[in-house]
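It should be emphasised that the depicted structure is a prediction, and the values quoted were computed from it without experimental measurement. All chains are named by letter (A, B, ...) in the order of the sequence lines, taking the proteins before the strands, and each is independently numbered beginning at 1.
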Amino acid sequence: MRRPAGEPGTLMFDIKWIRANADLFDQNLKRRGMAPLTGELLALDDERKAKVTAMNEAQEKRNALSKQIGQAKAQGDDARAEQIMAEVGSLKTEVQVFEEAARNLTEELNLKLSFLPNLLHADVPDGTEEADNVTIRTHLEPAKFAFAPKEHFEIGEALGQMDFEAAARMAGSRFVVLNGQLARLERALGQFMLDLHTREHGFTEVSAPLLVREQALFGTGQLPKFSEDAFETRDGRWLIPTSEVSLTNLVREQSLDQQDLPLRFTSLTPCFRSEAGSAGRDTRGMLRQHQFSKVEMVVVTTPDKSEQEQQFMLGCAEKVLQLLEIPYRVVILCSGDMGATMRRTYDIEAWLPGQNAYREISSVSMAGDYQARRMNTRYRNNEGKLDYVHTLNGSGIAVGRALIAVMENYQNEDGTVTIPEMLRPYMGGLERIG
RNA sequence: GGAGAGAUGGCCGAGUGGUCGAAGGCGCACGCCUGGAAAGUGUGUAGGCGGUGUUCCCGUCUCGAGGGUUCGAAUCCCUCUCUCUCCGCCA
């Protein structure tokens with residue numbers, strides 16, 4: 001793994017905070033199902049600081065003597081210059097030895113810190129698996145069907161507009177080909193969501209790279225820990241697993257002005273995931289694909305606004321389903337089911353009649369300063385001080401899964417699919433598919 | 001893909017081995033001047049790390065990034081990234 005991004009000496013996690021809150025930090029790891037680490041980390045940091053101090057002292061001596069050489073030469077006193085040169089020669093190796101030791105220790109510490117999970121928000125419930133997530137609220141009662149509702153792939157294949165076999169022939173499993181009205185419906189969903197967030201919710205639409213450097217994935221936290229989940233190209237770039245990566249990294253290595261915050265970005269992009277750990281799960285249909293389309297929301301804000309921004313974003317994502325009149329519930333993820341890079345995550349799960357289950361369709365998370373530290377993104381507050389920004393991200397919402405939700409919730413007994421009112425303008429006024 | 005030029009503080013821009021973290025200008029902040037403002041004038045104006053220091057100080061590092069040469073590097077060497085110009089190719 002290459003040296004993490006950021007200025008030399010920048011640490012990926014606030015070691016001073018760990019030092020001051022050792023118990024809290026280890027408790028946090030425990031809730032994440034990990035062993036305590038403060039002892040190891042602080043010992044390493046002590047060692048590192050000792051070497052840095054020793055290096056600084058040696059440099060101080062060297063600089064003072066070197067300065068004298070310059071002065072002697074300026075006065076034409078070459079003999080004295082020679083004498084001091086001989087004296088300072090041994091200091092050179094001393095500086096190098098300490099410098100190398102300090103660098104190695106900093107790298108070692110930073111590597112360890114870069115693997116640490118984020119701190120959990122106080123609201124996050126304890127738990128080890130999906131079943132421990134807590135439902136916050138539900139919206140709309142699932143509709144009762146007068147017939148046995150089908151799964152989306154049954155509907156799509158019967159319509160002749162969803163072709164997994166054609167996709168498999170050219171790309172392998174976990175890909176799909178949509179055509180005709182279903183392809184247009186996917187496009188309509190994306191347009192509808194983008195229009196909603198840009199017109200009603202104040203987000204700026206962004207078109208950004210889908211192929212990014214390793215540092216960008218490091219910045220948002222997908223690397224170094226989760227490299228097997230994404231696709232790497234032959235030239236060392238990566239296909240984004242979510243446009244959270246592109247949108248969040250818009251501010252990498254920047255110092256922002258407080259008055260410009262919050263920044264709110266949205267984007268409709270394909271997402272690429274290897275689904276390496278998901279073999280055998282959701283193999284039928286287009287619920288879990290290597291490539292899918294998603295509208296993403298990213299907010300960059302000051303620490304004090306992080307809390308309210310997450311609620312706002314959650315509301316923006318819910319609004320999509322409310323306008324589409326699809327039943328859903330909001331859950332808060334438990335400590336064991338959360339992503340390592342996040343402090344608190346709400347999932348929105350849409351009702352899928354064909355599966356007779358709620359399935360994740362959006363995830364809205366706060367990252368705190370975790371990503372900001374990795375990207376080295378700060379802001380200058382009104383007092384002129386620099387501090388790390390807070391970042392948040394959320395799907396607003398997953399287009400592929402929204403397509404599934406629409407198809408299953410709006411299916412008719414004759415195999416047709418009614419088009420939700422809100423989408424009809426995007427479908428040329430079409431009222432049903434099939 | 002080939003040839004060349006470049007990257008210095010918030011911005012512009014000097015600086016080719018020795019008190020250079022960096023002249024000068026612009027901008028910004030505060031003060032003086034003014035009835036008020038402009039003009040003029042004075043002062044200040046990066047960040048990281050460390051220090052059993054804590055409104056102020058000390059040390060160190062940072063002139064795109066990383067490494068090297070040297071007693072000493074913005075300045076010399078190597079690698080990388082990015083920008084620009086010309087040629088080729090191309091949607």
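In this structure, A/Arg62 reaches the B/rC61 phosphate: one of its side-chain N or O atoms is under 4.0 Å from OP1 or OP2. Of the side-chain N and O atoms in A/Asn63, one or more sit less than 4.0 angstrom from OP1 or OP2 of B/rU60.
Straight-line distance from the CD atom of A/Gln59 to the P atom of B/rA73: 10 Å, rounded to whole Å. Protein atom NZ of A/Lys61 is 17 Å distant from nucleotide atom C1' of B/rG72, rounded to whole Å. As rounded to whole Å, 14 Å separates atom C1' of B/rA65 from atom CD of A/Glu107. Protein atom OH of A/Tyr388 is 13 Å distant from nucleotide atom P of B/rG47, rounded to whole Å. As rounded to whole Å, 14 Å separates atom P of B/rA65 from atom CD of A/Gln215. The separation between A/Glu57 atom CD and B/rC58 atom C1' is 12 Å, rounded to whole Å. Protein atom CD of A/Glu60 is 21 Å distant from nucleotide atom P of B/rC71, rounded to whole Å. For the pair A/Lys51 NZ and B/rG51 P, the interatomic distance rounds to 15 Å; values are reported in whole Å.
Comparing B/rC49, B/rC82, B/rC71 against the side chain of A/Arg213 picks out B/rC82 as the nearest. With B/rG72, B/rG50, B/rG47 as the candidates, the nucleotide lying closest to the side chain of A/Thr53 is B/rG50. When distances run from any side-chain atom of A/Arg103 to the nucleotides B/rG72, B/rG50, B/rG67, the shortest one goes to B/rG67. In this structure, the nucleotide among B/rC71, B/rG51, B/rC49 sitting nearest to the side chain of A/Lys49 is B/rG51. Proximity note for A/Arg380 (side chain, C-beta onward) versus B/rA46, B/rU19, B/rG50: the nearest is B/rA46.
Aromatic ring centres of A/Phe231 and A/His290: separated by under 6.0 Å.
Checking B/rC33 for Watson-Crick or G-U wobble geometry (two distances, each under 3.5 Å) identifies no partner in any strand. Pair assignment for B/rU69: none, as no Watson-Crick or G-U wobble contacts are both less than 3.5 Å. Pair assignment for B/rG59 gives B/rC49, based on Watson-Crick or G-U wobble hydrogen-bonding distances that are each under 3.5 Å. Partner assigned to B/rG24 is B/rC12, using Watson-Crick or G-U wobble distances below 3.5 angstrom. Figure legend. B/rC80 is base-paired to B/rG64; pairs are counted as Watson-Crick or G-U wobble with both atom distances under 3.5 Å. Under the Watson-Crick and G-U wobble criteria, each requiring two contacts below 3.5 Å, nucleotide B/rC86 is paired to B/rG2.
Taking 4.0 Å as the cut-off between side-chain N and carboxylate O, A/Glu275 and A/Arg273 do not count as a salt-bridged pair.
Checking each of A/Arg343, A/Arg32, A/Gln371 against A/Asn118 for a side-chain hydrogen bond (donor to acceptor under 3.5 Å, both in side chains) leaves exactly one that passes, namely A/Arg343.
Annotation: B/rG44 and B/rC26 have their P atoms spaced 16 Å apart (nearest Å). To the nearest whole angstrom, the two C1' atoms, one in B/rC87 and one in B/rG48, are 44 Å apart. Rounded to the nearest Å, the gap between the P atom of B/rA22 and that of B/rG47 is 15 Å. Taking atom P in both B/rC61 and B/rA73, the straight-line distance is 9 Å, to the nearest Å. Atom name C1', nucleotides B/rG18 and B/rU75: the rounded distance is 12 Å, in whole Å. Nucleotides B/rC63 and B/rA14 place their C1' atoms 13 Å apart, quoted to the nearest Å. Between the C1' atoms of B/rC32 and B/rA5, the separation comes to 48 Å (whole Å). Remark: the separation of the C1' atoms in B/rG27 and B/rC12 is 10 Å, to the nearest Å.
Taking for each of A/Asn56 and A/Gly70 the nucleotide of RNA chain B with the nearest heavy atom, the 5'-most of the two is the partner of A/Gly70. Comparing A/Lys385 and A/Lys92, the nucleotide of RNA chain B nearest to each residue sits closer to the 5' end for A/Lys385.
Within 4.0 Å (heavy atoms only), A/Ile84 reaches no atom of the nucleic acid at all. Residue contacts shown for A/Ile69 include a base, since a base heavy atom lies under 4.0 Å away.
Taking the ring centre of A/Phe312 as origin, the terminal cationic atom of A/Arg264 falls inside the region bounded by 6.0 Å and 45° from the ring axis.
Shortest non-hydrogen contact noted between A/Ala216 and A/Arg252 is CA-NH1, 3.8 Å.
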From CA spacing to verdict: side chain to side chain donor-acceptor pair (under 3.5 Å), A/Thr242, A/Lys294: CA-CA 8 Å; A/Thr242 157; A/Lys294 180 162 61 68; 2.8 Å; yes

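Here the side chains of A/Gln254 and A/Arg378 are not in contact, with every heavy-atom distance at 4.5 Å or above.
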